Structure formats: structure tokens, C-alpha cells
Amino acid sequence: PSQQHVLSWTPSVGSIYYVSVVSRAQVNPSVTVRLRLRPPAPVIGNVQPSNGITNGEFPITLTGTNFGLNGTVRLESPRLSTECRVTEYSAVRVICVVAPGIGDDVQIRLTTNLNDSTVQGYPFQYNAPSLSTISPTHGPTDGGTVIQLIGTNFGLFG
């Protein structure tokens, strides 16, 4: 008759375990099985705030599941690829400080220590430029007048 035995332990993610099954009644008394535990893929459930000023230097919080013990966060778009400096990291929450940047088509990419898992595609956007003052408001028709534009979120390039 067959017998069933249940073994329970707290595994370490990404580790390799060797399990030996020994039977005294069989011709081949033992079998060794190699197990590698693969964690579930990380999932970003929310990012707060989902937008911010072009000067950067403000924190964003990523919440979700299966982030592992450490990793990196990047902000990427066709015009931008920069690291978000991580200040706090747990399996369910990451806080990082956003670098200066531009664009409304930025994607957040989280790369974890769990088998190099990457979550990509969570949207983020830098705020659009806002113009508050133009000075002077008029000048000669032949040009040559220097004007001053005052506002916010002009970005890194002008």
C-alpha cells in the first residue's frame, strides 16, 4: 500500500532544494528530486502620485505584491530613461524619489531581486508647462526685444 507524508518548511525564494524520497520496500530505494522555487511575478497595484513637477525630487509610492526584498525603479519614455532613487523597499511597497524629467508618456519599471522579474508599463506623467507671465507684453515690429517667460514645468531643455 502507498503512504503519503507531508513535509512543511519555510522556503527561501529562488533557492534550490534537493528532496530525497527513500523507500525500503522498493528495488530502487531512493529518488532525489531537485526543486527550484519560483516566486509569483510582481504586480504594481497603484502609484501615488501618478504625476509631478518636471524638477523632480519628490517621492512616489508604488504599492502591490511580490516585490521581493530589493530592486530598482526606473522611469522610461522615448525621451527619458532615469532611475527613481529608492528610499524604502518592502515586498508590498516601494518609495522612491523621482528624478527631473519631461513627458506625459512615462512608464514605471520595477525590477526585483526575484529571478530578475520586471513589471513594466505603469503610467506616470510629468506636469505640463504652465505660463504665468510674459514680459514685456509688446515691442517694436522690427524685433530684437528680449522677452521673459515666467511659469512652471518648463522641463530640462529649452
Side-chain angles (χ1 to χ4, degrees), residues 7-19 32-158:
L7 174 64
S8 177
W9 78 97
T10 302
S12 174
V13 171
S15 297
I16 296 174
Y17 294 92
Y18 294 94
V19 178
T32 301
V33 179
R34 182 178 176 199
L35 302 174
R36 182 173 182 125
L37 301 176
R38 297 221 181 259
V43 175
I44 298 175
N46 194 18
V47 174
Q48 286 296 321
S50 59
N51 65 299
I53 59 173
T54 56
N55 291 349
E57 297 305 315
F58 59 90
I60 60 172
T61 302
L62 289 68
T63 55
T65 58
N66 307 319
F67 291 172
L69 301 176
N70 59 55
T72 60
V73 179
R74 295 194 63 80
L75 302 176
E76 296 185 345
S77 76
R79 297 176 302 257
L80 174 75
S81 180
T82 185
E83 189 163 338
C84 189
R85 185 173 34 90
V86 174
T87 59
E88 182 180 320
Y89 200 102
S90 76
V92 295
R93 183 172 84 165
V94 176
I95 298 175
C96 64
V97 177
V98 174
I102 57 172
D104 61 357
D105 58 350
V106 180
Q107 300 292 305
I108 295 174
R109 186 179 87 190
L110 170 66
T111 301
T112 73
N113 68 320
L114 303 175
N115 299 323
D116 295 323
S117 297
T118 299
V119 175
Q120 190 167 351
Y122 206 94
F124 178 83
Q125 67 182 25
Y126 287 95
N127 295 341
S130 173
L131 186 60
S132 59
T133 304
I134 300 175
S135 176
T137 58
H138 60 280
T141 57
D142 60 350
T145 303
V146 175
I147 62 171
Q148 181 180 26
L149 305 174
I150 299 174
T152 59
N153 296 310
F154 290 152
L156 303 176
F157 314 104

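Small disclaimer: the values here were computed from a predicted structure and weren't measured.
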Quick test of your reading: applying salt bridge (charged side-chain N to carboxylate O under 4.0 Å, His left out), list the pairs with at least one residue in residues 53-67, sequence neighbours left out, ordered by first then second residue.
E57-R85
Heavy atoms only: give me the nearest V94-F67 pair and the separation to one decimal.
CG2-CD1, 3.6 Å
What pair of heavy atoms forms the shortest contact from I102 to L80, and how long is it?
O-CD2, 4.2 Å
Tell me, please, which residues at least two apart from S50 pass side chain to side chain contact (heavy atoms under 4.5 Å, CB included).
none
Mind checking salt bridge (charged side-chain N to carboxylate O under 4.0 Å, His left out) for D104 and listing every partner two or more places apart, or none if nothing turns up?
none
Not counting sequence neighbours, list each pair that qualifies as a disulfide (SG to SG under 2.5 Å) and has a residue in residues 45-105.
C84-C96
Do P49 and I60 touch side chain to side chain, with heavy atoms closer than 4.5 Å?
yes
T72 and V86: side chain to side chain contact (heavy atoms under 4.5 Å, CB included), yes or no, with the steps?
CA-CA 7 Å; T72 60; V86 174; 5.7 Å; no
Residues passing the ring-ring contact (aromatic ring centres under 6.0 Å, His included) test with F124, sequence neighbours excluded, are Y126
Quick one, T63 and R93 - any side-chain contact, counting heavy atoms below 4.5 Å?
yes
Quick check: closest heavy atoms across P59 and I95, and the distance to 0.1 Å?
CB-CG2, 4.0 Å
Nearest atoms (heavy-atom pairs only) where R79 meets G103
NH2-CA, 3.2 Å
Quick one: side chains of residues 135-155, donor-acceptor pairs under 3.5 Å with protein atoms, not counting sequence neighbours, listed by atom name and distance.
| unit_1 | atom_1 | unit_2 | atom_2 | d |
| --- | --- | --- | --- | --- |
| N153 | OD1 | T54 | N | 3.0 |

Begin from the C-alpha positions of L110 and I108 and carry the test side chain to side chain contact (heavy atoms under 4.5 Å, CB included) through to its verdict.
CA-CA 7 Å; L110 170 66; I108 295 174; 5.5 Å; no
Which pair of non-hydrogen atoms, one from T112 and one from Y89, has the smallest distance, and what is that distance?
CG2-OH, 3.7 Å
